[in-house]
Amino acid sequence: MAEKIIVTGGAGYIGSHTCVELVKAGYDPVIIDNFSNSEPYIVSRIEELAGQKISLYEGDCADPALLREVLGSSDQIKGVIHFAAFKAVGESSQLPLKYYRNNLLSTIELLEALAENKVSNMVFSSSCTVYGQPDILPVTEETPQKPAESPYGRTKQMCEDIIHDFIKSGAEIKAAALRYFNPIGAHQSGLIGELPRGIPNNLVPYITQTAAGLRDKLTVFGNDYDTPDGTCIRDYIHVVDLARAHVAAINFLNGVGETNFYETINVGTGNGNSVQEVIDTFEKVNDLNLSYEIGPRRPGDVIKTYADVTKSRKLLNWQAEYDLAEALRDSWNWQKKLKK
Ligand code: UFG
């Protein structure tokens, strides 16, 4: 019987792609999702891509009764990938308690339930936001953390600490916190992808919605930074690559002999691309013109960041396979299908 992996937030952007990759790797995902920032029809799309039925528990993963029910449903549950969290940077400054309550409580309840049920493997969805603006590039896992720019970023730092402290206290849990850089792209089928609600905060969904005519034009937030073309630099990673990194992390934790283990691992491509390069590549690979203008800087923006990927290669035996052009082609393919 296939090993079952609980995927909290499994109907979300990264979670949905991860469920598909888990099935491809021989695992059986069990989704917990309250659809607060995702759509139920995505679960059917995952099933279509995976070629099998996917167990779904609709509800909040901060609810101990629900966690007990899910964990009690099978003795084949061997791990959890914890995606479920609020993630809008701007909103987190306006509604900090909403972010602290949701993101911290779900992690705490999950840890307690895992320990009680002797489920040892946990992959946590963290972010390169924990580094802030790093002094040295590329960013390694040892790069000192800066104070987070937002309550959202702080919840990622705090959740990492909570997991680590619990493991240090002797809990028999093996955890990997994956610090993602900037996920973009969509499944090549165009069946699953990012579904931003309202006006997108992130660059690539804003670009695709502009190209689709849903937004007038993209504003580039500053072109007077100390970078080769003056625009900010990020490490953009295809969501399918990122999903595969989660499967690799589950495989890795399965092979760890200790009962008590914690690692932080960067997940990026190792390449930095500027906002201008993203625009130029999007236009070129999709053969269209994007309407954009240069605007003022966005407060709190990191100028330049990209990952050192030595650790993910070594520990997870994983590296990104898709490049920026492929990711931007897939983002546009998804957006075009959404428009219909
Ligand atoms: N940008 C624009 N115009 C836009 C949107 C973004 O020029 O309309 C620029 C930003 O200024 C930045 C780059 O595009 O230079 C990327 O911005 P995103 O908002 O897409 O991504 P960020 O790197 O700023 O933020 C992301 C996630 C956060 C996470 C952070 C970690 O959205 O959740 O990475 O650094 F905290």
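Counting starts at 1 for both ligands and their atoms, in listed order.
- Taking a cut-off of under 4.0 Å to the non-hydrogen atoms of Tyr236, the atoms of ligand 1 that pass are 13 (C), 16 (C).
- Within ligand 1, counting atoms from 1 as listed, the ones closer than 4.0 Å to a heavy atom of Val220 are 7 (O).
- In summary, Glu277 and Arg234 do not engage in a salt bridge, as defined by a charged side-chain N under 4.0 Å from a carboxylate O.
- For atom 28 (C) of ligand 1, the nearest non-hydrogen atom of the protein is Val89 CG2, 3.9 Å.
- Looking only at protein heavy atoms, the nearest one to atom 29 (C) of ligand 1 is Ser127 OG, 3.9 Å.
- Counting only N and O atoms by type, the side chains of Asn103 and Thr155 include a donor and acceptor under 3.5 Å apart.
- At the top of the distance list for atom 11 (O) of ligand 1, counting protein heavy atoms only, stands Asp301 OD2, 2.4 Å.
- Numbered from 1 in the order shown, with element, the atoms of ligand 1 that lie under 4.0 Å from a heavy atom of Cys128 read 31 (C), 35 (O).
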Checklist line | CA sep, side-chain torsions, deciding dist, call: Thr219, Tyr292, side chain to side chain donor-acceptor pair (under 3.5 Å) | finding: CA-CA 6 Å; Thr219 302; Tyr292 68 94; over 6 Å; no
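- Asn251 and Tyr27 share a side-chain donor-acceptor pair at under 3.5 Å.
- Looking at atom 12 (C) of ligand 1, its nearest protein heavy atom turns out to be Arg234 NH2, 3.6 Å.
- Under 4.0 angstrom from ligand 1, there are no non-hydrogen atoms of Thr231.
- Nearest to atom 21 (O) of ligand 1 among the protein's heavy atoms is Asn182 ND2, 3.1 Å.
- Both the sub-6.0 Å distance and the 45° axial angle are satisfied by Lys98 relative to the ring of Phe86.
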Next item on the list: Please lay out, stage by stage, how Ile163 and Met122 fare under the test side chain to side chain contact (heavy atoms under 4.5 Å, CB included).
Entry: CA-CA 9 Å; Ile163 297 166; Met122 177 186 199; 4.1 Å; yes
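- Given atom 9 (C) of ligand 1, the protein heavy atom at minimum distance is Val275 CG2, 3.8 Å.
- Listed by number with element, the atoms of ligand 1 under 4.0 Å from a non-hydrogen atom of Asn201 are 5 (C), 19 (O).
- Residue, atom and distance of the protein heavy atom nearest to atom 32 (O) of ligand 1 are Asn202 ND2, 2.6 Å.
- Proximity to Cys232 (heavy-atom distance under 4.0 Å) selects the following atoms of ligand 1: 15 (O).
- Of all the heavy atoms of Thr129, the ones lying under 4.0 Å from any atom of ligand 1 are found in both the backbone and the side chain.
- Looking at Glu141 and Thr264, their side chains never bring a donor and an acceptor atom within 3.5 Å of each other.
- The pair Glu3-Lys78 fails the salt-bridge criterion, with no side-chain N (NZ, NE, NH1 or NH2) lying under 4.0 Å from an Asp/Glu carboxylate O.
- Residues Tyr100 and Arg154 bring a donor and an acceptor atom of their side chains to less than 3.5 Å of each other.
- Grouping Ile, Leu, Val, Met, Phe, Trp and Tyr residues whose side-chain heavy atoms lie under 4.5 Å apart, directly or via other members, places Tyr131 in a hydrophobic cluster with Val130, Leu137, Val139, Phe181, Ile233, Tyr306.
- Using a 4.0 Å cut-off to heavy atoms of Leu218, the atoms of ligand 1 that qualify are 3 (N), 4 (C), 8 (O).
- Residue Leu203 has at least one heavy-atom neighbour below 4.0 Å for each of these atoms of ligand 1: 1 (N), 2 (C), 5 (C), 6 (C), 14 (O), 18 (P), 20 (O).
- Using a 3.5 Å distance cut-off with no hydrogens or angles, the side chains of Gln276 and Asp280 do pair a donor with an acceptor.
- In terms of protein heavy atoms, atom 33 (O) of ligand 1 is closest to Tyr152 CE2, 3.4 Å.
- In this structure, Gly153 does not count as a contact residue of ligand 1, since none of its heavy atoms falls inside 4.0 Å of the ligand.
- Side-chain contact check for His238 and Asp330: at least one donor-acceptor pair (N or O, by modelled atom type) lies under 3.5 Å.
- The closest heavy-atom contact to atom 1 (N) of ligand 1, among the options Tyr206, Tyr225, Phe221, comes from Phe221.
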